[in-house]
Amino acid sequence: MKKYLNSRGFNFLEVLAALVILSVALVPILTWVPASIQTKLKSERKTISVFLCQSKMEELRYQIIRNFNNDYNANGQAFNSPYQDYRYTITDNLGTNIKIISVSVWHVETPQHETIFYTQAASR
């Protein structure tokens, strides 16, 4: 019984020292979390942009095979749901024998991070 009466808890300085050490360790972790989330979001948007660009390019190739002489230029068009936050632009040089087509895709919040694919199509 005497053993429990003589035992004491932590004093104020020990608790304060533990809090300082804990806060010094947590600050770098807490600053790393938002940067990690931003990197994940940027990577996710870039991956979706690549897939949408590739899909639009395949769609254009099929249309060009069916009708070479059409004008395929488009500016700032939105994709269908669930990708309505992404836009695309198609540039067609309107060549008579060879078309040079480019497709640009970007997210509306980060238009500076666009993805661009190029292709050429010959008249058959």
Side-chain angles (χ1 to χ4, degrees):
M1 185 81 139
K2 272 187 165 181
K3 181 178 179 183
Y4 294 111
L5 292 175
N6 290 335
S7 67
R8 298 183 341 180
F10 295 107
N11 65 26
F12 179 71
L13 287 178
E14 291 170 335
V15 172
L16 188 62
L19 286 174
V20 167
I21 291 169
L22 187 62
S23 65
V24 167
L26 284 178
V27 167
I29 292 172
L30 293 176
T31 58
W32 172 76
V33 170
S36 172
I37 291 170
Q38 286 296 330
T39 302
K40 177 203 168 286
L41 183 62
K42 184 178 176 183
S43 174
E44 183 178 288
R45 285 180 177 167
K46 189 65 169 178
T47 301
I48 291 171
S49 292
V50 167
F51 285 125
L52 289 173
C53 198
Q54 193 173 24
S55 172
K56 186 53 71 176
M57 189 64 78
E58 291 299 322
E59 181 184 317
L60 279 171
R61 286 181 187 152
Y62 177 73
Q63 291 175 359
I64 291 169
I65 288 170
R66 289 180 51 210
N67 192 346
F68 183 84
N69 295 322
N70 278 358
D71 178 2
Y72 295 100
N73 285 305
N75 192 11
Q77 301 294 314
F79 283 94
N80 294 330
S81 183
Y83 302 111
Q84 63 272 11
D85 291 340
Y86 291 85
R87 303 287 185 266
Y88 68 91
T89 296
I90 301 170
T91 306
D92 178 0
N93 75 336
L94 302 175
T96 55
N97 293 326
I98 294 179
K99 282 185 176 283
I100 300 172
I101 303 283
S102 71
V103 176
S104 303
V105 176
W106 66 93
H107 190 273
V108 293
E109 292 180 9
T110 54
Q112 69 275 15
H113 296 137
E114 67 182 343
T115 301
I116 304 172
F117 281 14
Y118 296 94
T119 192
Q120 295 180 357
S123 176
R124 298 179 184 191

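Position 1 is the first residue of the sequence; numbering continues from there.
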Say you draw a straight line from [atom1] of [X] to [atom2] of [Y]; how long is it, rounded to the nearest 0.5 Å?
X	Y	atom1	atom2	value
Q63	E58	CD	CD	12.0 Å
C53	K46	SG	NZ	9.0 Å
K40	R45	NZ	CZ	10.0 Å
Q38	L41	CD	CG	6.0 Å
Q120	N93	CD	CG	8.5 Å
I64	Y72	CD1	OH	5.5 Å

So do the side chains of [X] and [Y] get within less than 4.5 Å of each other, counting heavy atoms only?
X	Y	result
N11	E14	yes
I101	T91	no
Y83	I48	yes

Problem - Single-linkage hydrophobic cluster, 4.5 Å side-chain cutoff, I37 and W32 together - result: yes
Exercise for the section: For the pair T119 and M57, evaluate side-chain contact (heavy atoms from CB on, under 4.5 Å) and give the outcome as yes or no after the intermediate values. Expected result: CA-CA 8 Å; T119 192; M57 189 64 78; 3.2 Å; yes
Closest contact, heavy atoms only, [X] versus [Y]:
X	Y	answer
K99	L94	NZ-CA, 4.2 Å
T115	S49	OG1-CB, 3.4 Å
R87	G76	CD-O, 3.7 Å
V20	S23	O-OG, 2.9 Å
T110	W106	O-CB, 4.3 Å
G95	F68	O-CE2, 3.5 Å

Practice task
Carefully, step by step, assess F117 and V50 under the rule side-chain contact (heavy atoms from CB on, under 4.5 Å).
Solution key: CA-CA 9 Å; F117 281 14; V50 167; 4.0 Å; yes
Handout entry: Whether over 12 other heavy atoms sit under 6.0 Å from N80 CG
Key = no
Handout entry: Aromatic ring pairing H107/Y86, orientation class (parallel under 30°, perpendicular over 60°, tilted between)
Key = perpendicular
Practice task
May I have the step-by-step check of side-chain contact (heavy atoms from CB on, under 4.5 Å) for D85 and E109, ending in yes or no?
Solution key: CA-CA 8 Å; D85 291 340; E109 292 180 9; over 6 Å; no
Exercise for the section: Would you please test H113 and K42 for side-chain contact (heavy atoms from CB on, under 4.5 Å) and show each step? Expected result: CA-CA 9 Å; H113 296 137; K42 184 178 176 183; 4.0 Å; yes
Handout entry: Side-chain donor/acceptor of T39 to backbone N/O of A35, under 3.5 Å
Key = yes
Practice task
For the pair N97 (side chain) and S123 (backbone), establish whether a donor and an acceptor sit closer than 3.5 Å, ignoring hydrogens and angles.
Solution key: no
